[in-house]
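Let me begin by presenting the structure, written as structure tokens, before commenting on it.
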Amino acid sequence: MDKTFKPAELETRWYDEWEAKGYFAPQGGTEAYSIMIPPPNVTGSLHMGHGFQEAIMDALIRYHRMRGYNTLWQVGTDHAGIATQMVVERQLAAQGISRHDLGREKFIEKVWEWKEESGGTITRQLRRLGSSLDWSRERFTMDEGLSAAVQEVFIRLYREGLIYRGQRLVNWDPALHTAISDLEVISEEEQGHLWHFNYPLVGGEGHLTVATTRPETMLGDAAVAVHPDDERYAHLIGRFVQLPLCNREIPVIADDYVDREFGTGCVKITPAHDFNDYEVGRRHGLPMINIFTDDAAINDAAPAAYQGLDRMEARQKVVADLDALGLLDKVEDHRLKVPRGDRSNVVIEPYLTDQWYVDAKELAKPAIKAVEDGDIKFVPKQWENTYFAWMRDIQDWCISRQLWWGHRIPAWYDDDGKFYVGEDEATVRRDNALADNITLRQDEDVLDTWFSSALWTFSTLGWPEETDELAMFHPSSVLVTGFDIIFFWVARMIMMTLHFRKEVPFHTVYVHGLVRDAEGQKMSKSKGNVIDPIDLIDGITLDALLEKRTVGLMQPQLASKIQTATRRQFPDGIAAYGTDALRFTYFSLASTGRDIKFDIGRIEGYRNFCNKIWNAARYVLMNCEHEDCGIEESADVELSLADRWIIGKVQDTAAKVEHAISNYRLDMASSALYEFIWNEYCDWYLELSKPILWDEDAAENAKRGTRQTLISVMETWLRLLHPMMPFITEEIWQTVGPLAGKSGPTIMLQSYPQSDSNAIDASDNEDIEWLKKVIIGIRNIRGEMNIAPGKELSVLLRKGNAEDRRRLSQNSQYLRKLAKLADISWLEENTEAPMAATALAGELEILVPMAGLIDKDAEIVRLGREISKLETDLSRLRGKLENAAFVDKAPAAVVSKEQEKLKAQQQALETLQDQLQRIQNI
RNA sequence: AGGACUAUAGCUCAGUUGGUUAGAGCGCUACCUUGACAUGGUAGAGGUCCCCAGUUCGAAUCUGGGUAGUCCUACCA
């Protein structure tokens, strides 16, 4: 084995082998465990959030697979309607072509080409992460099977009256020319203005002043509203005002939607261009005057002077014209929330169109109940509130999109605009007895991407067929996802699955945090702070990283700023840390209810951990390979104290890991393993094994026992660690496994260690703790007194009880070796102790004679520090115990524990004070 | 406007039902290339657990009120 761990080569080697041998496929068994991957965008690439999420899922999957569940991790990708179409359109635009130049059919061909070309990126990256996905069942949301499921769901919902077509105000994206759902609109506060206009009253005297942030919409005004109880305007209700620029008269109406306190208390009502006004308009039977084209330019419903102007040009002209007429009262600065499309980033317009809707209210009812009843649990639980809040006030879901890439809506129109829903044109004709001479044309629109993702848990398993996979793996065990798509995806999956399967899609929703950069900023291309997980695995030079972060920016002027920041943060680029280190970093940060600030220092630490593991294996193999490790049942072995202790410790660790994973606390599982492997197994046990293995006088069965323990405990923790660090554990296990008597082609399919508390012996633990205390006491003196590490010491022991004597007699070998002692012996009663530095282990006094080694003043300082620590501690303890209320009311066990502590500390203090005095008196 | 989350060492974070001397990693200081490992070892320094009040014998932990930050939802023209 190499001296340092080199992940690159063995990772791909093992992944290829696992995949080729089919280990990722379900292995059979009666109890199922399944996870459906949140399908990434087929043309996308992996980001840190994916990396985090996949790592969590893979650990859960590997853990359950090893525990003998029939385990399926369903893989697949999403067609991501708008996102993908935009990419292809942008490519075409670079060649000066629009999708309309190509026509629908040709354009869709292009998209499929692009999918074939780029679709492998993300799946390749998923493999690099070690994800044990069942590639043999890979699905795509526009597969034949999934498309059939989409169609089935649409038609059935339509027939049940849960999908309908209607004319409503929608969020219209004037750049993409499509409706989008409320969730796809991002509203953020921006600086704007509030314009105050005077609308003259019809019949002469005076005017009403209205305020607006969007002056151009006045061209579509249908009324002015005041509050019904507003005395200022009560007498005007029912009269008319002259709508300037338009030569129309519009009524003054009363509606309690109006806030009397805001502005003038008069609101212009534009029913076709504002969601609130739309409702007011409906209540009052006002005309819906649409003044926009699809591009949000002014259409011919407006006065000729404005027709054809873009909305922003129209805004300026309206303001200028009103000003010219003396009707502009004033302009104020005003902060307002501006709605923008999450993809296009252009300002969204409320726009009156015909669209398809899902009656979400109806579907939400059982979906709410499922969570209320605990059929679905959120981890952490607080997300249930978020879910309820949204579901209880859910709005109908606009599912049609005016795009070409997606599932086309299975509806056909005749020339009268009458529509028919069905599988295909022929079926529609037949079912509706439509003559051949009636022309039918299919709805041009496609469905929202999330419509097909909502069916993901069951459509991937073959629904609407009742397949064996559905029976076995549905409902899935857990959904691992970010909170950002609880509404987009999680809620809709719950609704659709309950409706069509009458069962939940998953039993648990594990919601993880967002991965942010070191400053806590969201990672985004435009911020130039994106880290590609693959670059953490393979490493990347500074130049390549700079290139990656600045190429293809939407706003190229940001490039130099990004370069500066990148150079500052990664002056030498990024080192190659390997997949296992990256995964372990994710786990260590996966605590609940908290976003992750990605700190490069963490991954470095876990890279070192990999190296530690590697070298521990080298040590173990060096001592065990080609040696008798006592793997036969009948082997004559004697286990040392250290052997028995570490065997217990690994069981203890197994219990901790099991508990942590069952609570989705992968951070706790990872830290339990880290601490055990590094601080117990490597730091102590490997050291404790040396006195036996290297002692020529040691009995053969004792050596055999230690070898057996070395190898079997390592083999056990390799399996414990495998779900988190699949590669390094597999590589080492290949050699270690057989030496421990295990057979099988891969660690992946070995059984997961089940903790056995019988293996834990309390008195062995105490003995080792005692040993550690004595060794640390001596090392402390050594370190503080600057005694050369190689210098062998002669140490005396004093006081102490029978247990101390027993422990010394049984463990002096360990002490000599680990504390580098020439000699350790008891100071006989009545013998004068030499001048010495002192350490304490309970009652036991450990004396390191000073002769020539120790500086008197330094020891005085050291003792002084120890003493003052004890004194602070003691005064706190005394205060507590002198408090009658504490002694009376606290549980007896707590009180006696404090009393014992007090006693021990007092004794320690006295000892040290004596010692200090003696030294001072020299 | 409503709601959620966060605040612990210089940095990134643990701390499960209130009882620890408040922990880890990184960083820092000193010493050390000892036959697994300098991507290492040994020892050490470093904390007003955001602030204020309350409950309690006892609060980092529970309650209330602040402060700061992050986010979600709904929005006033």
Side-chain angles (χ1 to χ4, degrees), chain A residues 1 3-5 187 194 210-214 217 225 257-259 261-270 274-277 334 336-337 380 382-383 385-386 389-390 393 483-484 486-487 513-514 516 518 520 522 575 577 581 588-589 591 593-602 604-623 659-660 663 665 667-668 671 674-675 679 682-683 686-687 690 694 776 779-790 820 869-870 872-873 876-877 880 883-891 893-895 897-898 901 905:
Chain A
M1 282 171 88
K3 205 169 163 183
T4 51
F5 171 55
S187 287
L194 192 56
V210 297
T212 182
T213 54
R214 295 189 296 155
T217 62
Y257 151 70
V258 178
D259 176 359
E261 308 301 317
F262 188 89
T264 57
C266 300
V267 186
K268 61 187 270 311
I269 300 296
T270 320
D274 181 279
F275 289 100
N276 288 308
D277 292 6
H334 183 68
L336 73 161
K337 293 267 192 166
Q382 81 230 16
W383 291 109
N385 292 327
T386 308
W390 191 68
D393 187 34
F483 58 82
D484 47 330
I486 288 181
F487 305 142
L514 230 57
R516 300 169 174 280
K522 213 165 162 172
Y577 296 108
S588 74
L589 294 169
S591 59
R594 188 170 189 139
D595 282 353
I596 289 178
K597 277 203 240 177
F598 192 81
D599 174 26
I600 204 90
R602 291 296 285 251
E604 221 168 278
Y606 295 120
R607 189 265 322 261
N608 296 352
F609 181 45
C610 290
N611 195 51
K612 190 77 184 175
I613 290 169
W614 187 255
N615 280 293
R618 287 179 64 217
Y619 170 80
V620 170
L621 291 175
M622 199 175 281
N623 286 288
H659 180 253
N663 289 302
R665 289 301 303 268
D667 58 326
M668 289 178 152
S671 72
Y674 182 94
E675 277 168 29
N679 304 126
C682 292
D683 286 352
L686 294 189
E687 294 308 318
K690 290 174 185 175
W694 296 351
I776 288 169
R779 283 178 181 169
N780 178 286
I781 290 170
R782 208 188 262 282
E784 294 274 297
M785 297 297 117
N786 265 327
I787 301 172
K820 279 249 161 55
K869 250 191 239 168
L870 281 170
T872 350
D873 222 33
R876 198 182 45 80
L877 277 169
K880 218 170 180 179
N883 179 357
F886 170 72
V887 180
D888 287 351
K889 295 192 180 173
V894 173
V895 176
K897 196 173 147 199
E898 296 295 307
K901 243 191 263 173
Q905 303 278 52

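Note on naming: letters A, B, ... go to the chains in the order of the sequence lines (proteins, then strands), and numbering restarts at 1 for each one.
- Taking 4.5 Å as the limit, some side-chain heavy atom of A/Tyr577 sits within range of a side-chain heavy atom of A/Ile600.
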Please tabulate, one pair per line, each protein N/O and nucleotide N/O from nucleotides 11-17 of chain B that are separated by under 3.5 Å, including the distance.
| unit_1 | atom_1 | unit_2 | atom_2 | d |
| --- | --- | --- | --- | --- |
| B/U12 | OP1 | A/Lys597 | NZ | 3.1 |
| B/U12 | O2 | A/Arg602 | NH1 | 3.0 |
| B/C13 | OP1 | A/Lys597 | N | 3.3 |
| B/A14 | OP1 | A/Ser591 | OG | 2.1 |
| B/A14 | OP2 | A/Arg594 | NH1 | 2.5 |
| B/G15 | OP1 | A/Arg665 | NH1 | 3.1 |
| B/G15 | OP1 | A/Arg665 | NH2 | 2.8 |

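- Atom C1' of B/U56 sits at a distance of 36 Å from the matching atom of B/C72, rounded to the whole Å.
- With rounding to the nearest 0.5 angstrom, the CZ atom of A/Phe5 is 8.5 Å from the CD1 atom of A/Ile613.
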* Asked: Passes side chain to side chain contact (heavy atoms under 4.5 Å, CB included), A/Thr264 versus A/Val210? Steps please.
  -> CA-CA 7 Å; A/Thr264 57; A/Val210 297; 5.5 Å; no
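- Checking A/Ala211 against A/Leu877, the closest nucleotide of RNA chain B that is more toward the 5' end is the one next to A/Leu877.
- For A/Asn615, the side chain to side chain contact (heavy atoms under 4.5 Å, CB included) partners at least two apart in sequence or on another chain are A/Asn611, A/Arg618.
- Distance check on atom C1': B/U61 versus B/U20 gives 13 Å, rounded to whole Å.
- Atom C1' of B/C76 sits at a distance of 47 Å from the matching atom of B/A9, rounded to the whole Å.
- With a 6.0 Å cutoff to the six-membered ring centre and a 45° limit on the axis angle, A/Lys690 counts as a cation-pi contact of A/Tyr619.
- Atoms CD1 and OG1, on A/Ile486 and A/Thr386 in that order, are 6.0 Å from each other to the nearest 0.5 Å.
- Stretches of at least 3 consecutive Watson-Crick or G-U wobble pairs, with each checked distance under 3.5 Å, appear in RNA chain B as B:1-7 with B:67-73, B:10-13 with B:23-26, B:28-32 with B:40-44, B:50-54 with B:62-66.
- Across all strands shown, A/Arg876 has heavy atoms under 4.0 Å from sugar-phosphate atoms exclusively, and none from any base.
- Here CG of A/Asp277 is found 4.0 Å from CD1 of A/Ile269. Values are rounded to the nearest 0.5 Å.
- Computed from coordinates, the A/Tyr674 OH to B/G25 C1' distance equals 6 Å when rounded to whole Å.
- When the C1' atom is used for both B/C49 and B/G18, the distance is 15 Å, rounded to whole Å.
- Closest to the side chain of A/Lys901, from the set B/U20, B/C76, B/A77, is B/U20.
- A straight line from CD of A/Gln382 to P of B/U70 spans 19 Å, rounded to a whole angstrom.
- Regarding A/Asp274, its CG atom lies at a distance of 15 Å from the P atom of B/A74, rounded to whole Å.
- Side-chain proximity of A/Phe262 to B/U21, B/C72, B/A77: nearest is B/A77.
- Using a 4.0 Å cut-off, some side-chain N or O of A/His334 falls inside it from OP1 or OP2 of B/A77.
- Here CE of A/Met1 is found 6.0 Å from CG of A/Leu621. Values are rounded to the nearest 0.5 Å.
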* Structure fact -> Expected string for nucleotides 35-42 of chain B under the B/S/- scheme (protein heavy atoms, under 4.0 Å, primed atoms plus P, OP1, OP2 as sugar-phosphate) is BBBSBSSS
What nitrogen or oxygen pairs link the protein and nucleotides 57-61 of chain B at under 3.5 Å?
| unit_1 | atom_1 | unit_2 | atom_2 | d |
| --- | --- | --- | --- | --- |
| B/C57 | OP1 | A/Lys889 | NZ | 2.5 |
| B/C57 | O4' | A/Ala885 | O | 3.3 |
| B/C57 | O2' | A/Asn883 | ND2 | 3.1 |

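- As a whole-Å value, the separation of A/Asn679 CG from B/G23 P is 14 Å.
- Partners of A/Tyr606 according to the ring-ring contact (aromatic ring centres under 6.0 Å, His included) rule, which considers only residues two or more places apart in sequence or in another chain, are A/Phe584, A/Tyr674.
- Regarding A/Leu870, its CG atom lies at a distance of 12 Å from the P atom of B/U21, rounded to whole Å.
- Straight-line distance between the P atoms of B/C5 and B/G65: roughly 14 Å, to the nearest whole Å.
- When the P atom of B/G3 is taken as reference, atom CD1 of A/Ile486 falls 19 Å away, rounded to whole Å.
- Atoms CG (A/Asn385) and C1' (B/G3) sit 9 Å apart, rounded to a whole Å.
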* Can you list the steps and then say if A/Lys880 with A/Val887 is a side chain to side chain contact (heavy atoms under 4.5 Å, CB included)? -> CA-CA 8 Å; A/Lys880 218 170 180 179; A/Val887 180; over 6 Å; no
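- Taking the P atoms as reference points, B/G47 lies 15 Å from B/A24, given to the whole Å.
- Ring geometry, A/Phe487 versus A/Trp390: the interplanar angle falls under 30°, so the pair is classed parallel (tilted spans 30 to 60°).
- Using a 4.0 Å heavy-atom distance criterion, A/Tyr606 is classed as making no nucleic acid contact.
- As rounded to the nearest Å, B/U8 and B/G69 have P atoms that lie 15 Å from one another.
- Using a cut-off of 4.0 Å between Lys/Arg side-chain N and Asp/Glu carboxylate O, A/Lys901 and A/Asp873 are scored as not salt-bridged.
- Distance check: A/Leu589 CG to A/Asp667 CG gives 8.5 Å after rounding to the nearest 0.5 Å.
- Here the CG-CD1 distance, from A/Asn786 to A/Ile781, works out to 13.5 Å after rounding to the nearest 0.5 Å.
- Atom CG in A/Leu336 sits roughly 17 Å away from atom P in B/A74 (whole-Å rounding).
- For the C1' atoms, the distance linking B/U12 with B/C28 amounts to 16 Å, nearest Å.
- With salt bridges taken as basic N to acidic carboxylate O contacts below 4.0 Å, none links A/Arg602 and A/Asp599.
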* Kindly indicate, with the supporting measurements, whether the criterion side chain to side chain contact (heavy atoms under 4.5 Å, CB included) is fulfilled by A/His659 and A/Asn663. => CA-CA 7 Å; A/His659 180 253; A/Asn663 289 302; 3.4 Å; yes
